[in-house]
Amino acid sequence: MTGFLGTGATFAADLNLVVQLIMGTLLIAGAALAKCKRYRAHGICQTTVLLLNLLMIGLVMGPSFHKQVAPRMSKAFHKWYFVVALVHGVLGIAAEILGLYIVIVAATNILPQWLRFNHWKLWMRTELMLWTIVLLSGLATYCAWYAAPFR
C-alpha cells in the first residue's frame, strides 16, 4: 500500500515517520516535566515513548532493515542510502538499549548496585541527545530511501 506523505514510501514507513516525530516531541515534553520536577509524569512519558518505539522497531523498522539493508551489507559502504540506514540502525539500537537500561535502573531493583548509576541528569541528557540524533538520522533515512531518487 502506498504512503500518504506523497513520497515513494509505503503506508507503514509514512506512519512510522509521523509516529517518530510525535514521539520526539513527547520526549522533549517529558524532559520539560523533569525540569519542572514532575518526575512521576516524566517517567511515565519517557517510558511510554520508549516502549512505543520498541513496538515500532519490531513492527516497522526491524523488518524493513532486514529486508532492504541487511541483504546488501556488502554494498552498505558504497551507497549513501545504505550508509544512512546503517548509521540510523546502529545508533537507534544504542538509544533503545540505553533507554531500557535507564528505565530498569530507575523503576526496578533488578540490577546490583555496582551496575546502577547515580548521575541521573548526565544519563538522561545523554539519552535525549542520542535519541535526537537518531530521530534526525531516521528522517535522513526516510528522505534517502523514499524522497530522494536512488543514484
Side-chain angles (χ1 to χ4, degrees), residues 3 5 9-146:
L5 295 178
T10 63
F11 180 83
D14 282 356
L15 180 63
N16 183 58
L17 178 66
V18 171
V19 169
Q20 294 296 328
L21 292 172
I22 291 169
M23 287 190 308
T25 303
L26 289 172
L27 287 174
I28 300 297
L33 288 169
K35 188 112 174 127
C36 295
K37 299 190 185 312
R38 298 189 57 202
Y39 300 120
R40 183 166 171 77
H42 162 76
I44 291 169
C45 180
Q46 305 305 68
T47 301
T48 301
V49 170
L50 181 75
L51 295 176
L52 177 57
N53 191 58
L54 192 58
L55 180 69
M56 297 306 287
I57 289 169
L59 292 177
V60 180
M61 292 181 282
S64 177
F65 187 89
H66 187 294
K67 181 181 175 187
Q68 294 176 288
V69 179
R72 295 163 186 89
M73 290 298 277
S74 62
K75 297 178 185 176
F77 295 104
H78 302 290
K79 302 286 185 180
W80 64 275
Y81 46 88
F82 286 123
V83 172
V84 171
L86 188 59
V87 167
H88 174 66
V90 169
L91 292 177
I93 289 169
E96 192 69 20
I97 290 170
L98 178 58
L100 290 169
Y101 173 69
I102 290 170
V103 167
I104 289 169
V105 170
T108 73
N109 289 319
I110 294 172
L111 296 175
Q113 190 61 36
W114 65 275
L115 284 176
R116 300 172 69 81
F117 55 82
N118 294 320
H119 305 287
W120 290 93
K121 283 185 181 181
L122 174 66
W123 284 95
M124 300 277 186
R125 288 177 179 167
T126 300
E127 174 69 355
L128 184 59
M129 184 176 297
L130 181 57
W131 201 296
T132 302
I133 292 167
V134 170
L135 182 62
L136 292 173
S137 71
L139 185 58
T141 299
Y142 180 91
C143 290
W145 280 85
Y146 304 116

At what distance, to the nearest 0.5 angstrom, does CD of Gln68 lie from NE2 of His66?
12.5 Å
How close do Cys45 and Leu33 get, counting heavy atoms only, and between which atoms?
CB-CD1, 4.3 Å
Is the backbone N or O of Tyr81 less than 3.5 Å from a side-chain atom of Trp145, with the two atoms forming a donor-acceptor pair by type?
yes
Can you measure from CD (Glu127) to CG (Leu100) and round to the nearest 0.5 angstrom?
8.5 Å
Distance from Thr126 atom OG1 to Ile102 atom CD1, nearest 0.5 Å?
7.5 Å
Going through the checks in order, is the side-chain contact (heavy atoms from CB on, under 4.5 Å) test met by Val87 and Val83?
CA-CA 6 Å; Val87 167; Val83 172; 4.2 Å; yes
Distance check, rounded to the nearest 0.5 Å: Gln113 atom CD versus Asn118 atom CG?
6.5 Å
Between the main-chain N or O of Gly43 and the side-chain N or O of Thr47, is there a donor-acceptor pair closer than 3.5 Å?
yes
If I compare all heavy atoms of Met23 with all of Asn53, which pair ends up nearest, and what's the gap?
CE-OD1, 3.5 Å
Value for NE2 (His42) from CG (Leu27), rounded to nearest 0.5 Å, stands at 9.5 Å
Between His88 and Gly138, is there a donor-acceptor pair closer than 3.5 Å when you use the side chain of the first and the backbone of the second?
yes
Within the 4.5 Å heavy-atom criterion, are Leu55 and Leu51 side-chain neighbours or not?
no
Stepwise side-chain contact (heavy atoms from CB on, under 4.5 Å) test for Tyr146 and Leu17:
CA-CA 11 Å; Tyr146 304 116; Leu17 178 66; over 6 Å; no
Over all atoms of both residues, closest heavy-atom pair of Leu50 and Glu96
O-OE2, 2.9 Å
Nearest 0.5 Å, please: how far is CZ in Phe117 from CE in Met124?
5.5 Å
Heavy atoms only: give me the nearest Pro63-Ile57 pair and the separation to one decimal.
CD-O, 3.6 Å
If every non-hydrogen atom of Ala144 is compared with every non-hydrogen atom of Trp80, which pair is closest and at what distance?
CB-CZ3, 3.1 Å
With a 4.5 Å limit on heavy-atom distance, are the side chains of Arg116 and Asn109 in contact?
yes
Indicate yes or no for a side-chain donor-acceptor contact from Ser137 to the backbone of Val134 under 3.5 Å, with no hydrogens or angles considered.
yes
Are the side chains of Ile133 and Met129 in contact, using a 4.5 Å heavy-atom criterion?
yes
Does the pair Leu128 and Ile28 meet the rule for a side-chain contact (heavy atoms from CB on, under 4.5 Å), with working shown?
CA-CA 8 Å; Leu128 184 59; Ile28 300 297; 4.3 Å; yes
Heavy-atom side-chain proximity of Trp131 to Val49 below 4.5 angstrom
yes
When you look at Leu15 and Thr10, which way does the side-chain contact (heavy atoms from CB on, under 4.5 Å) test go after all the steps?
CA-CA 9 Å; Leu15 180 63; Thr10 63; over 6 Å; no
Leu5 and Tyr142, any side-chain heavy atoms less than 4.5 Å apart:
yes
